[in-house]
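The next block holds one structure in the form of structure tokens; read it before the comments.
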There are 2 protein chains.
Amino acid sequence: MHIHTIVTKELSLDSMENCVCFNLRWVSRAFSQYFVSALNHHGLLPTQTPILAALAAKQEASMADLSDWLGMDRTTLVRNLGPLKRDGLVRATGQGRGNKGSLALTPKGHSALEKFIPDWRVAQQNIVKTLGAKRWTQILQDLERAALAVNN
Amino acid sequence: MHIHTIVTKELSLDSMENCVCFNLRWVSRAFSQYFVSALNHHGLLPTQTPILAALAAKQEASMADLSDWLGMDRTTLVRNLGPLKRDGLVRATGQGRGNKGSLALTPKGHSALEKFIPDWRVAQQNIVKTLGAKRWTQILQDLERAALAVNN
DNA sequence: CACAATAGTGTGTATATGCACTATTGGCCG
DNA sequence: CGGCCAATAGTGCATATACACACTATTGTG
């Protein structure tokens, strides 16, 4: 990658090859690829497991709640739920205010998540050990802070 | 966001809500949205400007060269070039070995990039000032190192 | 009770992403 | 010289992403 071509300690962040947005997009792709290659025998993609985990933690949630919590566009969530409903991992239930429905894991969804978690933990640890837990914690917190700062 | 809900200094990286992959994907989306909202009057998306910048720096390149340099899948590049060719910013030229062609910026592409760069610099600086240049440099270098370590 | 305002959800369009597969073509070798 | 082969490029499929818009149901107000 381009960053690699810089040998000096300080990147020139004025140069487009060091565009933060582009480089974060690249990093995101790289880790997504690792995630998929390490875990694809579960048939769960990086967009799907957070949905399952969120529903397991919250018992049930509406579309709007869930998309807010996951920080993804509501309509993106609608479509990402498609394969999960199709495969019987998530079901939508009764109606509330507006057209409001509730989403919840099916038994099959719970079981898929339980089987998934141990392997996920291994993959996560493989990632964490590249920089160490302390550094990763700091990086994730800093990135979140920056992302929130910039989008408000 | 979920990370936000953790108050203690140390994140428990064993918990799926702190999945590195998921959180980096979220951060990537967040910065992409900022990028688009700050720069969309140029009509150039976050996948397109790196292509233009790369071609400006390298004069010309084949598909394979370019996808390698940008760290994106070759077939993704093929499609991302679609709108750029359609809009007359990039042109493909002669043939080499195999089906090899060369890609280069058109005058219109050069001009669009020139007009784009000053506004990009402002957006980049807005991002950089959230954590400071030193910290961002460290983070980008760490992330690249981790991404390379994990995918090999 | 009718109706406007509101909230929740779904769809059409466009781009992004990558794997598996196909197509093309220049050059080498028999 | 002609066919094979390796290198390069493009397509089909499935999913991901988000904006703009349409649709549906609830609720507040007159």
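Lettering follows sequence order; numbering is per chain, from 1. Since we're looking at a predicted model, the values are computed, not measured.
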- Task: Return the value, rounded to whole Å, for the distance between atom CE of A/Met63 and atom C1' of D/dT24.
- Result: 14 Å

- For A/Arg74 and D/dC19, is the shortest distance between a side-chain N/O and OP1 or OP2 below 4.0 Å? no

- Message: One pair to check against side-chain contact (heavy atoms from CB on, under 4.5 Å): A/Val128 and A/Lys134. What are the steps and the verdict?
- Response: CA-CA 9 Å; A/Val128 168; A/Lys134 210 167 201 98; over 6 Å; no

- Message: Measure CZ/B/Phe22 against P/D/dA16 and give the value in whole Å, please.
- Response: 13 Å

Identify each atom pair where a protein N or O and an N or O of nucleotides 12-14 of chain C are less than 3.5 Å apart, giving names and distance.
residue: C/dG12; atom: O6; partner: A/Arg79; partner atom: NH2; Å: 2.1

- Got a donor-acceptor contact below 3.5 angstrom from the A/Gln124 side chain to the B/Asp14 backbone? no

- Return the value, rounded to whole Å, for the distance between atom CG of A/Leu81 and atom P of C/dG8. 16 Å

- Task: Check whether any side-chain N or O of B/Lys58 sits under 3.5 Å from a backbone N or O of B/Ala104 as a donor-acceptor pair, and report yes or no.
- Result: no

- Query: So which one's nearest nucleotide on DNA chain C is more toward 5', A/Ala64 or A/Arg25?
  - Reply: A/Ala64

- Task: Compute the centroid of each ring, for B/Phe31 and then for A/Trp26, and state whether the two points are separated by less than 6.0 Å.
- Result: no

- Note on the structure: Per atom distances to the B/Met72 side chain, the nearest of C/dT17, D/dA16, C/dT9 is C/dT17

- Mapping B/Leu45 and B/Asp73 onto DNA chain C by nearest heavy atom, which one lands closer to the 5' end? B/Leu45

- Message: Can you pull out the residues from residues 27-42 of chain A that lie within a 4.0 Å heavy-atom distance of DNA chain C?
- Response: A/Arg29, A/Gln33

- Query: Given the rule in the side-chain contact (heavy atoms from CB on, under 4.5 Å) test, do B/Leu52 and B/Phe116 qualify, once you have shown the distances and angles that lead to the verdict?
  - Reply: CA-CA 10 Å; B/Leu52 299 184; B/Phe116 175 81; over 6 Å; no

- What is the distance, rounded to the nearest whole Å, between atom CG of A/Leu77 and atom C1' of C/dG8? 13 Å

- Query: Quick one: B/Trp26 CH2 to D/dA18 C1', roughly how many Å, whole number?
  - Reply: 17 Å

- Task: Could you verify whether a donor N or O on one side chain and an acceptor N or O on the other, from B/Ser32 and A/Arg25, lie under 3.5 Å apart?
- Result: yes

- Query: For the side chain of B/Lys85, counting heavy atoms from C-beta on, which of D/dG10, D/dT17, C/dG10 is nearest?
  - Reply: D/dG10

- Message: With a 4.0 Å limit, can you tell me whether A/Asn80 has a side-chain N or O closer than that to the phosphate oxygens OP1/OP2 of D/dT17?
- Response: yes

- Write down the distance between CG (B/Leu70) and C1' (C/dT17), rounded to a whole number of angstrom. 14 Å

- Item | A/Asn18-A/Ser15 side chain donor-acceptor pair, cut-off 3.5 Å | no

- Query: How about B/Asp73 and B/Thr75: does a side-chain donor come under 3.5 Å of a side-chain acceptor?
  - Reply: yes

- Message: Determine whether a donor-acceptor pair (N or O, by modelled atom type, separation under 3.5 Å) exists between the side chain of A/Thr106 and the backbone of A/Leu89.
- Response: yes

